[in-house]
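Comments concern the structure below.
Everything quoted here is computed from the prediction, not taken from an experiment. Scope of the values below: all heavy atoms of this structure, side chains included, with no hydrogens, waters or symmetry mates.
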Amino acid sequence: MNKPIVRFAPSPTGYLHIGGARTALFNWLYAKKNGGKFLLRIEDTDLERSKSEYIDQITDALSWLGFDWDDNIVLQSNNKSRHQEVINQMIQSGTAYRCFLSKEELDALRTDSEKKKELFRVPKTYRDYSLEQQQVLIDQGKSSTVRLKIPDGITEFTDLVYGNIKVNNKELDDFIIARSDGSPTYNFVVAIDDSDMNISHVIRGDDHLANTPKQILVYNALGLTLPTFAHMPMILGSDKKRLSKRHAATNVQEYREKGFTATAMINYLSLLGWNPDSDQEIFNVADLISAFNFNQVQKKPATFDEKKLLWVSGQQMATMNTKVAISELESLSDKWGLNQDLKYKNNVVDLIKDRSKTLNDLIEISDVFFQDDIIYDKDMSLKILDESSVQILTDLYEALKIEEGWKKDILESIFDNLMTQHELGLGKLIKPVRFALTGLGYGPGIFDMMLLLGKDRCLLRLSGALKL
RNA sequence: GGCCCGUUCGUCUAAUGGUUAGGACUCAUGGUUUUCAUCCAUGCAAUAGGAGUUCGAUCCUCCUACGGGCUACCA
């Protein structure tokens with residue numbers, strides 16, 4: 001089997017969203033699995049809506065995810081003359097023809113049919129005009145579009161996900177391949193570009209499923225070799241509507257900012273609409289590449305569930321090695337761990353990695369170890385620092401102050417004393433202490449934390465909290 | 001309206017012409033833990049509806065309902 005060549009072809013009319021990311025992922029996985037190529041084509045022919053900053057956003061997001069593309073990025077707008085050339089060639093050969101029906105005429109006919117509840121079909125008035133007849137009308141100054149001359153018959157193909165799809169060509173109008181201003185339309189261009197790029201597998205969202213027969217007819221008209229098609233079900237928001245900008249967070253970059261790693265995103269996204277044919281749910285990227293297969297791709301749309309993403313992320317965090325975690329943190333936030341000793345950073349991350357679901361969780365807790373000042377939440381301090389808590393903190397402060405050593409067993413015995421002194425369980429003691437030391441209501445074991453924080457910092461914070 | 005596609009716990013999904021319809025997330029309860037989280041255990045929870053084929057249908061066929069896509073001189 002030849003090495004596959006696949007492509008991801010976003011239009012730069014917005015950032016890379018979750019659905020696009022999953023399409024890119026499945027393309028990329030397929031290419032990697034089979035030692036093929038993953039190409040990137042930017043469909044920037046909609047001048048009104050395309051913006052170059054979106055191209056940067058999309059490529060940044062793809063790079064972050066690790067979907068490195070092969071060869072240069074193809075800008076569709078650079079292929080204009082090629083598209084024009086093919087259109088001319090098709091007019092000459094008679095596989096396409098100029099249609100002189102105006103938009104107004106067509107609109108009138110369309111609304112008329114709708115009124116009569118009839119099925120609207122584009123009239124084939126100009127379909128069989130000779131080149132000479134067409135020229136006469138052009139000379140008269142009539143404007144025209146170019147339409148594909150669709151033959152009678154059935155168009156059939158086998159989709160890797162949906163199986164056999166069959167459409168009677170009667171259902172398809174001779175659709176426009178070039179507008180009156182000469183610009184080519186999507187269903188035409190996509191076929192030409194995919195063919196020119198030698199794409200062997202077209203892997204995309206199933207919103208393109210119904211357009212595929214049209215594209216196949218373009219391939220056929222030009223005698224081009226058909227690629228294999230694989231359509232992926234859509235991803236829906238929690239309201240069951242197709243994921244769009246209306247939904248909470250659809251931008252891939254937002255998830256990065258929320259502290260999800262690329263690995264966690266890839267892991268979760270792969271589980272949407274696909275299953276590994278086993279109970280495994282946590283994958284690293286290499287495992288995913290070898291497990292991926294179109295056979296297990298779902299036909300029905302999947303709902304994006306951030307709760308499960310969070311769980312996947314937590315599982316990934318727990319197994320991530322500390323070195324990797326540190327470099328992830330540093331690339332997420334350039335302020336994180338600044339000027340801190342590497343050993344210290346290691347210890348901090350080691351201590352809290354397991355209990356974090358995202359990198360942002362990690363940052364929040366690790367800041368406690370890096371920053372000099374603690375910000376205490378007012379409501380929480382009112383609730384936690386009652387009279388007896390203040391007494392506990394005071395006693396602890398005094399006890400720690402005179403203590404020379406800073407070891408776990410020493411801290412434990414100090415707390416033992418406090419327990420008997422205040423007739424309280426350890427849990428009750430820890431709550432105010434933790435709050436005083438971190439400003440948080442949760443975190444790693446108190447003794448480990450104190451050891452890592454160091455005596456000076458602990459005393460400082462205890463006295464700071466007592467001044468509240 | 002026409003065409004295409006789809007429908008298993010709330011969510012992601014497994015399964016076979018014969019199973020107590022399985023797992024995971026969420027949620028609840030209990031346990032572990034000095035807190036929180038983790039972890040462990042238990043529990044709640046599904047084959048859209050109706051016909052047909054069959055000894056037997058979640059699985060095969062048809063119909064209905066619902067959802068999605070396409071039907072543009074958008075991509």
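With no hydrogens or angles considered, a side-chain donor-acceptor pair links A:Asp193 and A:His83 at under 3.5 Å. A side-chain donor-acceptor contact under 3.5 Å links A:His422 and A:Asp395.
A 4.5 Å side-chain heavy-atom check between A:Asp112 and A:Phe120 finds every atom pair outside the cut-off.
Taking atom P in both B:C73 and B:C12, the straight-line distance is 36 Å, to the nearest Å. If you take atom C1' in B:U13 and the same atom in B:G49, they sit 23 Å apart, rounded to whole Å. Between B:A21 and B:A46, the two C1' atoms lie 9 Å apart (nearest whole Å). For the P atoms, the distance linking B:U8 with B:U47 amounts to 11 Å, nearest Å. Between B:G68 and B:G56, the distance separating the two C1' atoms is 34 Å to the nearest Å. Distance check on atom C1': B:U54 versus B:U16 gives 16 Å, rounded to whole Å. Between the C1' atoms of B:C9 and B:G43, the separation comes to 14 Å (whole Å). Comparing the P positions of B:G10 and B:A48 gives a spacing of 12 Å, expressed to the nearest Å.
Contact between the side-chain N/O atoms of A:Arg204 and the OP1/OP2 oxygens of B:A75 is not found at any separation under 4.0 Å. Between A:Ser238 and the phosphate of B:U11, there is no side-chain N or O to OP1/OP2 separation shorter than 4.0 Å. Distances shown here put a side-chain N or O of A:Arg179 below 4.0 Å from the OP1 or OP2 atom of B:A75.
When distances run from any side-chain atom of A:Glu171 to the nucleotides B:G2, B:U26, B:C12, the shortest one goes to B:G2. Comparing atom distances between the A:Asp277 side chain and each of B:A15, B:A75, B:C25 picks out B:A15 as nearest.
If you measure from atom CZ of A:Phe304 to atom P of B:C25, you get 17 Å, rounded to the nearest angstrom. Nucleotide B:C12 holds its C1' atom 15 Å from the CG atom of A:Leu310, rounded to whole Å. Rounded to whole Å, atom P of B:U35 lies 12 Å from atom CG of A:Leu429. What separates CG of A:Asp305 from C1' of B:U11 is a distance of 5 Å, to the nearest Å. Atoms CG (A:Asp279) and P (B:A15) sit 11 Å apart, rounded to a whole Å. Summarising the geometry, the separation between CZ on A:Phe283 and C1' on B:C12 is reported as 13 Å, rounded to the nearest angstrom. Separating the NZ atom of A:Lys103 from the P atom of B:A72 is a distance of 10 Å, rounded to the nearest angstrom. If you take CZ of A:Phe120 and P of B:C3, they are 17 Å apart, rounded to a whole angstrom.
Nucleotide B:C70 forms a Watson-Crick or G-U wobble pair with B:G2, both donor-acceptor distances falling under 3.5 Å. Under the Watson-Crick and G-U wobble criteria, each requiring two contacts below 3.5 Å, nucleotide B:C9 is left unpaired. Remark: B:C59 base-pairs with no nucleotide; criterion is Watson-Crick or G-U wobble with both hydrogen-bond distances under 3.5 Å. In this structure B:U29 sits in a base pair with B:A41, meeting the Watson-Crick or G-U test at under 3.5 Å. Using the Watson-Crick or G-U wobble rule with both distances under 3.5 Å, B:U19 pairs with nothing in any strand shown.
Applying the salt bridge (charged side-chain N to carboxylate O under 4.0 Å, His left out) criterion to A:Asp350, with sequence neighbours excluded, gives no partner residue. Checked against salt bridge (charged side-chain N to carboxylate O under 4.0 Å, His left out), A:Glu85 has the following partners two or more places apart in sequence or in another chain: A:Arg82. Annotation: salt bridge (charged side-chain N to carboxylate O under 4.0 Å, His left out) contacts of A:Lys258 (sequence neighbours excluded): A:Glu306. Looking at residues two or more places apart in sequence or on another chain, you find no side chain to side chain donor-acceptor pair (under 3.5 Å) involving A:Asn321. Take A:Arg461 and apply the salt bridge (charged side-chain N to carboxylate O under 4.0 Å, His left out) test, not counting sequence neighbours, and it matches no residue.
To the nearest 0.5 Å, atoms CD1 (A:Ile192) and CG (A:Leu224) are separated by 6.0 Å. Of the inter-residue distances, the one linking A:Thr45 atom OG1 with A:Asn78 atom CG reads 11.5 Å to the nearest 0.5 angstrom.
Between the side chain of A:Ser180 and the base of B:C73, a donor-acceptor pair under 3.5 Å is found.
With A:Gln215 as the partner, the side-chain hydrogen bond (donor to acceptor under 3.5 Å, both in side chains) test is satisfied by one option alone out of A:Asp194, A:Asn187, A:Asn220: A:Asn187.
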Review item, side-chain donor-acceptor pairs of residues 49-56 of chain A, under 3.5 Å, at least two apart:
unit_1  : atom_1 : unit_2  : atom_2 : d
A:Arg49 : NE     : A:Asp46 : OD2    : 2.9
A:Arg49 : NH2    : A:Asp46 : OD2    : 3.3
A:Ser50 : OG     : A:Asp46 : O      : 2.9

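Every pair passing ring-ring contact (aromatic ring centres under 6.0 Å, His included) that includes a residue from residues 149-192 of chain A is listed here, sequence neighbours excluded: A:Phe157-A:Phe229, A:Tyr186-A:His208. Pairs engaging residues 162-181 of chain A under the salt bridge (charged side-chain N to carboxylate O under 4.0 Å, His left out) rule: A:Arg121-A:Asp173, A:Arg127-A:Asp174 [sequence neighbours left out].
Heavy-atom nearest nucleotides on RNA chain B were determined for A:Asp44 and for A:Glu118, and the one closer to the 5' end corresponds to A:Glu118. Between A:Leu106 and A:Phe447, the one whose closest nucleotide on RNA chain B sits nearer the 5' end is A:Phe447.
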Which atom pairs link the protein and nucleotides 7-9 of chain B when you take only N or O atoms and keep those under 3.5 Å?
unit_1 : atom_1 : unit_2   : atom_2 : d
B:U8   : OP2    : A:Lys300 : NZ     : 2.7

Please enumerate all protein N or O atoms sitting under 3.5 Å from an N or O of nucleotides 66-70 of chain B, with distances to 0.1 Å.
unit_1 : atom_1 : unit_2   : atom_2 : d
B:G68  : OP1    : A:Lys241 : NZ     : 3.4
B:G69  : O2'    : A:Asp207 : O      : 3.1

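The residues A:Arg110 and A:Glu118 are annotated as not salt-bridged, no charged nitrogen and carboxylate oxygen being separated by less than 4.0 angstrom.
Of the residues in residues 150-169 of chain A, those lying under 4.0 Å from RNA chain B by heavy-atom distance are A:Tyr162, A:Ile165, A:Lys166.
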Query - Sugar-phosphate or base contact per nucleotide [nucleotides 37-50 of chain B; S, B, -; heavy atom under 4.0 Å] - result: BSS-----------
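Between A:Tyr126 and A:Phe100, the angle of the ring planes goes over 60°, which puts this pair in the perpendicular group of the 30/60° scheme.
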